[in-house]
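Report on one structure; see the data block that follows.
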Amino acid sequence: MSDKFPIFPKECKSMLCKHLTQEVYQGLKDKKTVSGFTLANAIQSGIDNVDSGIGVYAGDTESYEIFAGLFDPIIEDYHGFKTTDSHQSNLNPDDLKAPNPDPENEYIVSTRIRVGRNVANLPLGPAITREQRKQIEADVSGSLSALTGSLAGKYFPIEGMSAEISKQLIEDHFLFKAGDRFLQSAGLNRDWPEGRGIYHNDEKTFLVWINEEDQLRIISMQMGGDIAEVFTRLVTAIGEIEKKVPFSYSKHLGYITSCPTNLGTAMRASVHIALPKLSADMQAFQAITDKHHLQIRGIHGEHSESEGGVYDISNMRRLGVTEVQCVQDMYDGVVELIACEKSL
Ligand code: ADP
Ligand code: CIR
C-alpha cells in the first residue's frame, strides 16, 4: 500500500483521480476510523484499477465522515447530492406507476431489482474481521432460513459448492462472480470464499447474496417485464428481513453501503432488454438513457459486454431519490426505449 500521493495516468477518468487533490490527500492521509480504516485503504481499488469509474470504497459508516473531504465531492459528482441535502425512503409499491411495458415479451427478457444492505454497528466489508463476517453469515442465513411462504428457501455457502453449480448459477445471472479485481483491491475478497453464499427460494425469484460487496444484497427477479410484481416481492422480502436484521442507515446518506454509488436507496432496478436496432446507433441510445438517468451495462454484470443486442438497463440515481423513483426512472426509460426500437 502506498503512503505517497498517487500519480494517475493521463487517461485516468475515475472520480478518485478527479477529486483526490494534493490538498485533500494531505488533510486525510493520517486519519483513521474506529475500525482502523485509512485513506490508503479507501483509495486502493482506484489506484490498482485506473480504469475505475469511481475508485473508492468505505470501510465503515464513519469513513463517510472522517474522509468526507474525498467522499463528499464524489457523492455530489455521482448522485448530484449535496452535503446539505437529505435522503428519503419510499418503498410503497402503490406509488409506482408501472404496468408491464412489454406484455407480449418481445423486448424485455427479464427484470431484476436489488438493494444492498449492511448490518448496523459493524464495519462494512472492506474493514470487517474474519470472525465478524462469519457471524453475519450465521445470523443472516439463520434468519432467512426461517422465512415462509413464497420467500422460503435454502442457503448455499460458496465454500464447498461444486465448480459446476457455481458456474451455472453465475451464467444464469443468479450468483456473483468470484475474483472481481475492484473488490479484490478494496479488501472485499479477504478470506474468500469463507462466509460468502447465496440464499434463494425454489423458483429463484427471491435471492440474497451474503458478504459480497455488501453484507446483504436482497434481490427479486423474474423473466419478462412485470416490474411492479418484482418490486412488490422485493419490498415484502426487505420488510421480513428487517424484522430480524438491523440495517445500517443514516438520515443524510440513507442505507450505508461500501461503494458510494450505492448509498441512499442502494437500489439497482434493471431489465435485460433486446434493442438490436437502437443499439446500432449508440449515440441515440445513450441520449434516451441519459434523459432518464439510466446506466447501460452488458448482460453479465458490471464491466461486461452486451450479447446479441441485449443490454442491462438500470437506474443510475440512488441517493436523494426514493426507491419508487429509482424504479420509475427505469420504467419510464424502458417505455421510451421500446417505443424507439419499435419505430426503427
Ligand atoms: P449489481 O446488480 O449488484 O450491481 P451486477 O451488475 O454485477 O451487480 O449484476 C449481477 C448479476 O445480476 C449479473 O449476473 C447480471 O447479469 C444479473 N442481472 C442484472 N440485471 C438483470 C436482469 N434484469 N435480468 C437478469 N439478470 C440480471
Ligand atoms: C469502479 O470504480 O468502477 C468500481 N469500483 C465499481 C463502481 C460501482 N459501480 C457503479 O458505477 N455503479
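Start at 1 and go down the list; that is how both ligands and their atoms are numbered.
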Decide whether the shortest distance between a heavy atom of Ser45 and an atom of ligand 2 is less than 4.0 Å.
no
Polar contact flag for [X] and ligand 2 (N/O pairs, less than 3.5 Å):
X      : answer
Gly53  : yes
Asp51  : no
Phe182 : no

Sub-4.0 Å atoms of ligand 1 with respect to non-hydrogen atoms of [X]:
X      : answer
Ile299 : 16 (O)
Asp312 : 19 (C), 20 (N)
Trp209 : 3 (O), 10 (C)
His173 : 12 (O), 14 (O), 15 (C), 16 (O), 17 (C), 26 (N)

Below 4.0 Å, non-hydrogen atoms only: which portion of [X] touches ligand 2? Side chain, backbone, both or neither.
X      : result
Arg181 : neither
Cys259 : side chain
Arg318 : side chain
Thr261 : side chain

How are the rings of Tyr311 and Phe285 set relative to one another: parallel (under 30°), tilted (30 to 60°) or perpendicular (over 60°)?
perpendicular
Taking the inter-plane angle between the rings of Phe156 and His200 on a 0 to 90° scale, is it parallel (under 30°), tilted (30 to 60°) or perpendicular (over 60°)?
parallel
Could you find the nearest protein heavy atom to [atom] and give me its residue, atom name and distance?
atom                    : answer
atom 3 (O) of ligand 1  : Arg217 NH1, 2.5 Å
atom 18 (N) of ligand 1 : Arg112 CD, 3.4 Å
atom 6 (O) of ligand 1  : Arg297 NH1, 2.5 Å

Sidechain N-carboxylate O distance under 4.0 Å for Arg196, Asp191:
no
Between Arg317 and Asp329, does any side-chain N to carboxylate O distance fall below 4.0 Å?
yes
Select the closest option to atom 1 (P) of ligand 1 among His272, Glu213, His300, Arg114, judged by heavy-atom distance.
Arg114
Counting only heavy atoms not in Glu164, do more than 12 fall under 6.0 Å of its CD?
no
Taking atom CD of Gln22 as the centre, report whether more than 12 heavy atoms of other residues, nucleotides or ligands fall under 6.0 Å from it.
yes
Between Tyr255 and Arg117, is there a cation-pi geometry (under 6.0 Å to ring centre, at most 45° from the normal)?
yes
Proximal ligand 2 atoms for Tyr78, defined as those under 4.0 Å from one of its heavy atoms:
12 (N)
